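A quick note: this is a predicted structure, and the numbers were derived from the prediction, not measured. Counting convention: from 1, in listed order, for ligands and their atoms alike. Atom set for the values below is all heavy atoms of this structure, side chains included, hydrogens, waters and symmetry mates excluded.
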Amino acid sequence: MADTTAKLNVGGTDQEYSVLDGSIGPSVVNIASLYKDTGMFTYDPGFTSTASCESKITYIDGDEGTLLYRGYPIDQLADHGDFLETCYLLLYGDLPNKAEKNDFVDRVTYHTMIHEQMSRFFSGFRRDAHPMAIMVGTVGALAAFYHDSTDISDPHQRMIASLRMIAKMPTIAAMAYKYHVGQPFVYPRNDLDYSANFLRMCFSVPCEEYKVNPVLARAMDRIFILHADHEQNASTSTVRLAGSSGANPFACIAAGIACLWGPAHGGANEAALNMLSEIGSVDRIPEFVARAKDKNDPFRLMGFGHRVYKNYDPRAKIMQKTCHEVLGELGIKDDPLLDIAMELEKIALNDPYFVEKKLYPNIDFYSGITLRALGFPTTMFTVLFALARTVGWIAQWKEMVEDPSQRIGRPRQLYTGSPKRDYTPIEQR
Ligand code: CMC
C-alpha cells in the first residue's frame, strides 16, 4: 500500500514515485515507470538496492540476524519442527495440523522412487564426475521422464511436480553419491522418515545391515530445515528468472542447482572445509587471516561474510550447536578442524578488519565439519544444500507463477561498447 512518495529530479523535471511498504522490513520505491517517464534505467549491479519481486515466504533482517519462514523464526522451526513440516509451511503458508501433515507426508513419500530408466542415465557420467554436475544434469532430465507434470498453467500438475521434486531429490542426491563412490544404488524405503531414508540410501550397502542413528537423522533433518529457503538469493533469483519465461519446473530447479554450485554461494561449505584443511593447524591461522585482509591477495575466509547478514548468521549458531551434537554422538572428542574453526572464529570476530566490515561466520562455516562427521565427502556438501533448498526454490517458483501480474524477467543494461560502425572487408582490417 503506498502511503508516501519519493521524488526524483531528472534533467530538471521532478518525477514522483510511490513508496510501497512491506509488512516488515524496508519499504521500496516503485520505479516501474521510470523508463517511460524519463528514458533512463536504474543501475544496480549485484542488485544491492533492488527488490526484484513481492514475496510472502521468507524474511531476513540482516542487521538483526533474523530469519523467518512465513513469520516463524528459524531457531524455533529447527528446535521444534521437522523438515517436511517446514516444506508444507513454505509451500502453503501455514504450519499443518496433524491430519494435513500426515496427508502431506504420505503424498511426498509416494513419489520417492525415480523412473527406472533414469538410473541408467547416471552411467553416462564419467566415473569421477562431481556430484553437482550429476545433479544439474539429472534434475533437468526429470522433465524428460515426467511429462505429465510440466504444464505450468495447470495447478494440479504444478502441485505434482512440486511433490515429485521434494520426494525425488534425496533419491537422486544419494544416487549421485553412490555413483561417485562406486557403490550400488540403494532404493528408498518409505517406512523411514525423510532424513533417515536419505542417510540409509547414502550409507547402506547390500552386504551389511545399516541402522539409522536417530540423533544423526535428526541432525540431518535440522540441516535441511536451515537450508530450506533464504529469500531472493542468487539461485532463487535464477529459478524465478528461468521460470518467468514459462520454462517447466524441473528445468528451473536445474538452473537453480547450477547457480548454487558457485563458491560464493552454495559451494562455500565445500570451500570452507577445504580452507580449514589447508590452514591445517591453529598456529597458521594468523597467516591466513593476514591473507584475507590483504587487498592484493584474492584469498577470502570462506564461511565468513554475507550479502545480507551484517550480524551473526542465525543459521550459523544452530549449525554450530548441531555440529557439537553430531561430534558428541559419534564420540569424536578431538577434531583438529573444529579446533581450527573455533579459534579462527574467535580471532576473526575480534579483528578490526572483520568487525568494521561486519563479517561474521555464515551457515557454511560449521556445516562442512558437521557433514564430514556424518560421513559425506566434501564434494557432496553443495548437493545436500541443493536437496534442502529445492523446497524453497519450488515455493518461490510457485508464488511467482501464481501471481497474476507476473511477466518475463528482462533486466536492461548500461551499454559501454562501440557505437554503430560499418563492416569492413577482411582485407582492409
Ligand atoms: N574474507 C575476507 N574479506 C571479505 C570476505 C571474506 N570472507 N567477505 C567479504 N570481504 C570483504 C571484501 O573484500 C570487501 O572489502 P572492501 O570493501 O575493502 O573491498 C567487503 O568485505 C565487502 O565484500 P563484498 O564482496 O563486496 O560483499 P558481497 O556482499 O558482494 O559478498 C559474499 C558476500 C558472501 C559473497 C562474501 O562475503 C564472500 O565471498 N564470502 C566468502 C564465501 C562464503 O562464505 N559464501 C557463503 C555465503 S552464505 C551461504 C549462501 O547463502 O550461499
Colleague: Is K310 close to ligand 1, meaning an N/O of one under 3.5 Å from an N/O of the other?
Modeller: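 No; every N/O pair is 3.5 Å or more apart.
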Colleague: How does H306 reach ligand 1, by side chain, by backbone, by both or by neither, if only non-hydrogen atoms under 4.0 Å count?
Modeller: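 Contact part for H306 vs ligand 1: both backbone and side chain.
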Colleague: With a heavy-atom distance limit of 4.0 Å, tell me whether Y353 approaches ligand 1 through its side chain, its backbone, both, or neither.
Modeller: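 For Y353, the contact with ligand 1 is made by the side chain alone.
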Colleague: Cationic tip of R200 within the cone over Y210's six-membered ring, i.e. under 6.0 Å and within 45° of the normal?
Modeller: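 Not flagged: R200 not positioned over aromatic ring of Y210.
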Colleague: Do N190 and T112 have a side chain donor and acceptor closer than 3.5 Å?
Modeller: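 A donor-acceptor contact under 3.5 Å links the two side chains.
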Colleague: Taking atom 49 (C) of ligand 1 as the reference point, report whether a protein heavy atom occurs under 4.0 Å from it.
Modeller: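 Within 4.0 Å: yes, protein heavy atom nearby.
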Colleague: List ligand 1 atoms under 4.0 Å from A264, heavy atoms only on the residue side.
Modeller: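 The list of qualifying atoms is 45 (N), 46 (C), 47 (C).
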Colleague: For atom 38 (C) of ligand 1, which candidate among M275, H265, R300 provides the closest heavy atom?
Modeller: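 It is R300 whose heavy atom sits nearest to atom 38 (C) of ligand 1.
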Colleague: For residues E345 and Y366, is any side-chain donor paired with an opposing acceptor at under 3.5 Å?
Modeller: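 Present: a donor and an acceptor within the cut-off.
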Colleague: State whether a side-chain donor-acceptor pair under 3.5 Å links D44 with T42.
Modeller: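 Short answer, no.
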Colleague: Considering only protein heavy atoms, which is closest to atom 7 (N) of ligand 1, and at what distance to one decimal place?
Modeller: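 Closest protein heavy atom to atom 7 (N) of ligand 1: L301 O, 2.7 Å.
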Colleague: With a 4.0 Å cut-off, strictly under, does atom 26 (O) of ligand 1 pick up any protein heavy atom?
Modeller: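 No, no protein heavy atom sits under 4.0 Å from atom 26 (O) of ligand 1.
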Colleague: Counting only heavy atoms closer than 4.0 Å, does ligand 1 sit against the backbone of R307, its side chain, both, or neither?
Modeller: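 R307 to ligand 1: contacts from backbone and side chain alike.
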Colleague: Which of the atoms of ligand 1 are close to K295, meaning less than 4.0 Å from one of its heavy atoms?
Modeller: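 With K295 as reference, the close atoms of ligand 1 come out as 16 (P), 18 (O), 19 (O).
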Colleague: Can you tell which of L359, T48, N269 gets a heavy atom nearest to atom 10 (N) of ligand 1?
Modeller: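 Of the listed residues, L359 has the closest heavy atom.
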Colleague: Specify the protein heavy atom at minimum distance from atom 47 (C) of ligand 1: its residue, its atom name, and the distance to 0.1 Å.
Modeller: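 Looking at atom 47 (C) of ligand 1, the protein heavy atom closest to it is N362 ND2, 3.7 Å.
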Colleague: Does NZ or CZ of K358 come closer than 6.0 Å to the centre of the six-membered ring of Y360, within 45° of the ring's axis?
Modeller: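 No, K358 does not lie over the aromatic ring of Y360.
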Colleague: Any carboxylate oxygen within less than 4.0 angstrom of a Lys/Arg side-chain nitrogen, looking at R222 and E325?
Modeller: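 A salt bridge is present here (some side-chain N lies under 4.0 Å from a carboxylate O).
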Colleague: Anything under 30° is parallel, anything over 60° is perpendicular, the rest tilted; go ahead and classify H130 against W261.
Modeller: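 Aromatic pair H130/W261 classed tilted.
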Colleague: Tell me which part of N233 gets within contact of ligand 1: side chain, backbone, both or neither, using heavy atoms under 4.0 Å.
Modeller: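 Neither; no heavy atom under 4.0 Å.
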